[in-house]
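Below is one structure, written out as structure tokens; the observations come after it.
When a ligand or atom number is given, it counts from 1 through the structure's own listing order. Below, all heavy atoms of this structure are taken into account, side chains as well, without hydrogens, waters or symmetry copies.
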Amino acid sequence: MPRPIRAVISQQAMSHNLSVIRQYLDNARQAPAAAAHGAQATSPGATHIWAVIKANAYGHGLETAIGGFAQADGLAMLDLQETLRARQAGWQGPLLMLEGFFEARDVPELVRNRVVSSIHHPEQIRMLQASTLAAPLDVFLKINTGMNRLGFAPQQFGEAYQALQALQQHGKVGRIGFMTHFADADGAHGAVDAPAQVFHDTVGQCQGSISLCNSAAVLRYPQLAVSAADNWVRPGICLYGSSPFANTTGEEFGLRQTMTLQARLLSIQHIKQGQSVGYGSTYTAARDMRIGVVACGYADGYPRSAPSGTPAWVNGVATQLAGRVSMDMLTIDLDPVPDAVVGDWVTLWGNEGPHIDEVASAAGTIAYELLCALAQRVPVHVEYSGEVVEK
Ligand SMILES: *Cc1c(COP(=O)(O)O)cnc(C)c1O
């Protein structure tokens, strides 16, 4: 008998979110500002969406996400193994390795699987120069526009681009695109203006696809995704229903949550005023009250940093954590839910529960971290069109 905990994943919500993002892009394309810049006149077509499915699709399961994002133009990930699994799952479309390859022996594998590779470092160019390939590798040359994590500085761009063009001549490199990643797309308004300018100045007249926008940039600066060049956006978190911005939830953007985490009540304690609950006795009852013990702890991926007061729902009623989260259990105030009994489901985040963005915020983190942390031991149920399939 499995522990009474489950993550319910909705593929329907995934495809809904993808169409919401597509709508944002279509709206930007039709905006007068975009038209004034000649986007519609010169653009070869719609902006393309790489659905980002790194980190086991933000904890949702790779194959499930591939089904949910069947209408995406491409899938972006970090791991060679993930690209192989995507092909095995029947995905025929483009695949992007966001950090490119890590070892020379991976390059022929990428070519065999028709994977596009980011190129962010001269070492990767050296590996390409040293490799023998059956077909050319399509690449996105990554420019560091201020994140200072990966990518070529603008002054290194010319040399890197020339080296890739030489490799193109030798049939080792196919199409060359250009990408960057913003440090502050979720920050102050206008924080991407300078890096976007650096990007465009650096790429200059070079012809090729471009890729700039993560979720925050797609939602806040969709005009950056509308350009004369073939433009590929790279949304991740918004496709899973969460907001990339502090103090907002995905709902404000019309996004639906894709993961609901639930566990049953294992036990109910009646405690007296002045008694405390859990490790460290951090919560002390201000009155006689009922405490619900829930079959979910930090070993399931629920954040230990979530303090008393973090929202949780029982039978559709909002209540909150009372006491410290432990490895396998957490405790909640049952006073708002007098009819709750052992065996009832408690929703820790997701549909008919608190929004994961609210839980993340209460725990001092972001939904990305909660989603990715979902533990292997939590049984996953995949839902499509209201049907639940146990995995
Ligand atoms: C993870 C990642 C993304 C997606 O970011 P979100 O904030 O989840 O939209 C996009 N681009 C790169 C390079 C990434 O590493």
Check: Lys54 N/O within less than 3.5 Å of ligand 1 N/O
yes
Within-4.5 Å side-chain heavy-atom neighbours: Tyr368 and Ser242:
no
Taking 4.0 angstrom as the limit, do Arg114 and Asp138 come out as a salt bridge?
no
Can you find an N or O of Leu98 that's nearer than 3.5 Å to an N or O of ligand 1?
no
Starting from atom 9 (O) of ligand 1, find the nearest protein heavy-atom neighbour and note its residue, name and distance.
Ser215 OG, 2.5 Å
Between Gln23 and Asn27, is any side-chain donor less than 3.5 angstrom from a side-chain acceptor?
yes
Under 4.0 Å to a heavy atom of Ile237 - the qualifying atoms of ligand 1, by number
6 (P), 8 (O), 9 (O)
Where ligand 1 meets Pro235 - atom numbers and elements under 4.0 angstrom, heavy-atom basis
9 (O)
Can you confirm if the aromatic rings of Tyr298 and Tyr302 lie within a centre distance of less than 6.0 Å?
no
With a cut-off of 4.0 Å, which atoms of ligand 1 are near a heavy atom of Tyr58?
1 (C), 4 (C), 5 (O), 6 (P), 8 (O)
Heavy atom of the protein closest to atom 12 (C) of ligand 1 (residue, atom name, distance)
His181 CE1, 3.5 Å
Among all the protein's non-hydrogen atoms, which is closest to atom 7 (O) of ligand 1, and how far away is it?
Tyr368 OH, 2.6 Å
Below 6.0 angstrom between ring centroids: does that apply to Tyr240 and Phe69?
yes
Answer side chain, backbone, both or neither: which part of Arg234 comes under 4.0 Å from ligand 1, heavy atoms only.
both
Any salt bridge linking Asp335 with Arg290? Criterion: basic side-chain nitrogen under 4.0 Å from a carboxylate oxygen.
no
